[in-house]
Every structure is written in structure tokens, then in C-alpha cells.
There are 2 protein chains.
Amino acid sequence: MYNVNMKAEHLHRLIWMSRPLMQAAEACVEAGLIGTNLSVRMRAVLEILDKYGDQTVPELAARLEIKRQYVQIMCNETLASGFIEQRSNPRHKRSPILALTDRGSAVIEEIISKEMKLVEELGENLSNEDVATALAVVSAVTDSLKKRAGESE
Amino acid sequence: MYNVNMKAEHLHRLIWMSRPLMQAAEACVEAGLIGTNLSVRMRAVLEILDKYGDQTVPELAARLEIKRQYVQIMCNETLASGFIEQRSNPRHKRSPILALTDRGSAVIEEIISKEMKLVEELGENLSNEDVATALAVVSAVTDSLKKRAGESE
DNA sequence: GTCAAAATGACATGTATAATGTCAACATGA
DNA sequence: TCATGTTGACATTATACATGTCATTTTGAC
């Protein structure tokens, strides 16, 4: 039927827009980081710490959905740059809690607010409902795809 | 203002859904390739050839927006597996035209049709208009982001 | 037709992001 | 205390590209 194929085609295009969208978004983030001495992955560490509070490397890894061994590297880098620091962990002596330093806190909050302003500007030509609809559709599609991919492993 | 922030927040979430969406989509493609002796990048070569017809490596590279040197590798792999073959190019003796073999043609068309069926299933719970809206929003956001990132380079 | 410039394939090397594997130190709980 | 789990550190591998260079061949301007 005409409408069915049209819908599938739109959906197909929507799914494969995800890559250009991601690349464009990442390029913007990267551009916003120039002059801060931050890398994209250091920014990711700071963002989680700012959003969810102080935590250990394994906790960060779980939230980022990246293997802890790699997150460890990201965090060591960030530690070396002085944006975060280690605090002793009462719950585990070998796993210090990572916390933002004043400098790290200031840097990440400035970056996030700059990014948020950019997002607001992006939304200027879009209606509230359309954005909400888009988010709902993309979320639903992502969930379905995740379920599919999960089944066959 | 309430609505403004809400919209920005939704938009922010929408933008950063792109990564999970992409990963889920790629995982599905990969899962669908099991048993075909095809890799994801070989599939990409076959798809372009099937969609846009026989062409040379540099033409493929332009369409994939990947550097020709890497596309060359992808194509050589695909050639070695017998899914495509070289035909002499009347326009350029050193640049053979790549064409699907019967086997390659059969394989890619089966895969594409399987994938399309999956997309149609994904769309079952979504309305025509919502999908169209989502595509329009995502396209608009991607374009804006691309423009931003482009400016600062 | 000649000759410089562009296109092409082949190859080598570099980079970013991440997964995987392993080990030893330490912590925890039965 | 002893088995088991957690953590950090380190090494290796994989993927997906980009970049650079070279020789050949083709093309286009004259």
C-alpha cells in the first residue's frame, strides 16, 4: 500500500540519519572545546560527574556504557589535567571516588551552559510538539532495534 | 520559561539519542549478516552498487563520503569474496567498473528486503505523520548542527 | 601530437575509540 | 580464614578511518 511504503521509507531515512546527526553533534561539541584543554572524552567524564555526582571509575563506566578498562584511561587523563581529583572511598579502599575540582567544575558548567544555549537556538524554528514527537519516535525505534539486536545474540 | 526549557531538554535528548540509535541499527544490520560471509563494510559496497548501479572505486567513495583509499580496501575485500567483479571501463583503463556478480546481487537484495521488512515492522506502532515529523525535525537539526560545526573550522 | 596536470590503485603509516585479556592487590562475606 | 569478587594497571588486538606518497595512466590545453 502507498502509505505503508512511504512510512517505511521515511523510517528508514530517519534511522540512517542517526550517523550524520551524531557526527554533526560531535563536531559541534569538539568545536566548543577548543581552547579549554579538554578532549571529548575528558568532557564526557566531567559531564557525568557534574550530572550524577562523585563516583568511582566502575560506576562511571556503567553509566557511560563503556568498558571500565577504557574509562580508567579516560579518568587518568582527566586526573592528570587537574579537572578531577581522587578522594578516599569509605566503601572501598582500592577504588577512590572521583570528584570535580573547582577548576573542573567551572569548566564543565561553562561548557554545558554554552551547549545548552546552542540547543535552544537550534530549537527556535521548531515547535514544541514536533520536537516531543520526534523524541518519542526516535526513542521507540531505538528501543525496538535494541530488542531485535539483543534477541539474536 | 517553562516551555522553552522543556523544548531544549527534549531536543538535547533527541540529539544524544543519535548514538544509541545508530549503535542499535548497526547491531541489527550486523545480526542480519550472520551466515552470509558478508561484513558490514562489504554490505555497504553492495548496497551502493545495487542502488546506484555499476561504478568505479572513486565514485563509490564519493557516495559513501569515505576516503577513496579506504573504499579501495573495502572493494578489494568484496572482490576477493566474489560478490562483485571488475569490468573494463571504456572511460578509464586504470579504473575498472565494479559490478555485482549474480551471487552478490542475490545476496544484497535478500538482505535489503529483509531489512526493509524489519523497518516496516518497526513502524507498525507509529503513525505516518509522526514518522514524517520526526524525520523532518531530525533533518533540520542535523543541517543546523552541520552549519555550526562548519563555521568554526 | 606534446606535455603538464589530474586521476587511479597500491602501499605504508598514523590516529581515535574501544574491546579483550591478564595479573596482582585488595576487599568482602560466608 | 578462605573463596570470591572488585579494582587498577598494563598489554594486545580490532575497527574504522585519515593521511601521505609513489608509479602509472589518462586527460586536457595548447
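The figures here come from the full heavy-atom set of this structure, side chains too, leaving out hydrogens, waters and symmetry mates. What you see is a predicted model, and the numbers here were worked out from it, not measured in a lab. A, B, ... follow the sequence lines: proteins, then strands. Residue 1 opens every chain.
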Using a cut-off of 4.0 Å between protein heavy atoms and nucleotide atoms, how would you tag nucleotides 21-26 of chain C 5' to 3' with B, S and -?
BB-BBS
Go nucleotide by nucleotide along DNA chain D from the 5' end; which of B:Pro90 and A:Gln72 gets its closest nucleotide reached first?
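Mapping each residue to its closest nucleotide by heavy atoms, the 5'-most match is A:Gln72.
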Side-chain N or O of A:Asn76 closer than 4.0 Å to phosphate OP1/OP2 of D:dA9
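For A:Asn76, the contact criterion (side-chain N or O under 4.0 Å from OP1 or OP2 of D:dA9) is met.
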Side-chain N or O of B:Ser95 closer than 4.0 Å to phosphate OP1/OP2 of C:dG9
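Affirmative; the distance criterion is met.
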To the nearest Å, give me how far apart [atom1] ([X]) and [atom2] ([N]) are.
X       : N      : atom1 : atom2 : value
B:Glu65 : D:dA16 : CD    : P     : 18 Å
B:Met74 : C:dT8  : CE    : C1'   : 18 Å
B:Asn89 : C:dG9  : CG    : C1'   : 14 Å
A:Glu77 : D:dA9  : CD    : P     : 14 Å
A:Tyr70 : D:dT12 : OH    : P     : 19 Å
A:Ile73 : D:dT13 : CD1   : C1'   : 13 Å
A:Met22 : D:dC17 : CE    : P     : 10 Å
A:Gln23 : C:dA16 : CD    : P     : 16 Å

Euclidean distance, B:Thr142 OG1 relative to B:Lys147 NZ, rounded to 0.5 Å
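Answer rounded to 0.5 Å: 13.5 Å.
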CE/B:Met42 to CD/B:Glu47 distance, rounded to the nearest 0.5 angstrom?
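One finds 14.5 Å between CE of B:Met42 and CD of B:Glu47.
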For B:Pro96, is there any backbone N or O sitting under 3.5 Å from a side-chain donor or acceptor partner on B:Thr56?
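Side chain of B:Thr56 to backbone of B:Pro96: no pair is present.
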Is it true that a side-chain atom of B:Ser144 and a backbone atom of A:Leu122 form a donor plus acceptor pair closer than 3.5 Å?
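Pair absent, no side-chain N/O of B:Ser144 close to backbone of A:Leu122.
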Is it the case that atom CG in A:Asp143 sees more than 12 heavy atoms from other parts of the structure closer than 6.0 Å?
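More than 12 within 6.0 Å, yes.
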Check this for me: B:Asn37, atom CG, are more than 12 non-hydrogen atoms of other residues, nucleotides or ligands nearer than 6.0 Å?
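No, the 6.0 Å shell around CG holds no more than 12 heavy atoms from other groups.
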Quick test of your reading of the model: are B:Lys117 and B:Glu121 salt-bridged, counting only N-O distances below 4.0 Å?
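Salt bridge: no.
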B:Pro96 or A:Ile66, whichever maps to the more 5' nucleotide of DNA chain C
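So the residue in question is B:Pro96.
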A:Arg63 versus A:Lys51: any side-chain heavy-atom pair under 4.5 Å?
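The answer is no; the side chains never approach within 4.5 Å.
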Just compare D:dA18, D:dA16, D:dA9 and give me whichever is closest to any side-chain atom of B:Lys67.
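In terms of side-chain proximity for B:Lys67, the closest of D:dA18, D:dA16, D:dA9 is D:dA18.
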The side chain of A:Val57 lies closest to which of these nucleotides: D:dG8, C:dG9, D:dA16?
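Per side-chain heavy atoms of A:Val57, the pick is D:dG8.
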With A:Arg43 as reference, evaluate A:Ile48, A:Thr36, A:Ile112, A:Thr78 under the side-chain contact (heavy atoms from CB on, under 4.5 Å) test and give the passing residue.
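That would be A:Ile112; it is the only one of A:Ile48, A:Thr36, A:Ile112, A:Thr78 passing the side-chain contact (heavy atoms from CB on, under 4.5 Å) with A:Arg43.
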Estimated bend of the helix from C:dG1-D:dC30 to C:dA30-D:dT1 (axis per five terminal pairs, rounded to 10 degrees)
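Comparing the axis at each end, I get an angle of 30°.
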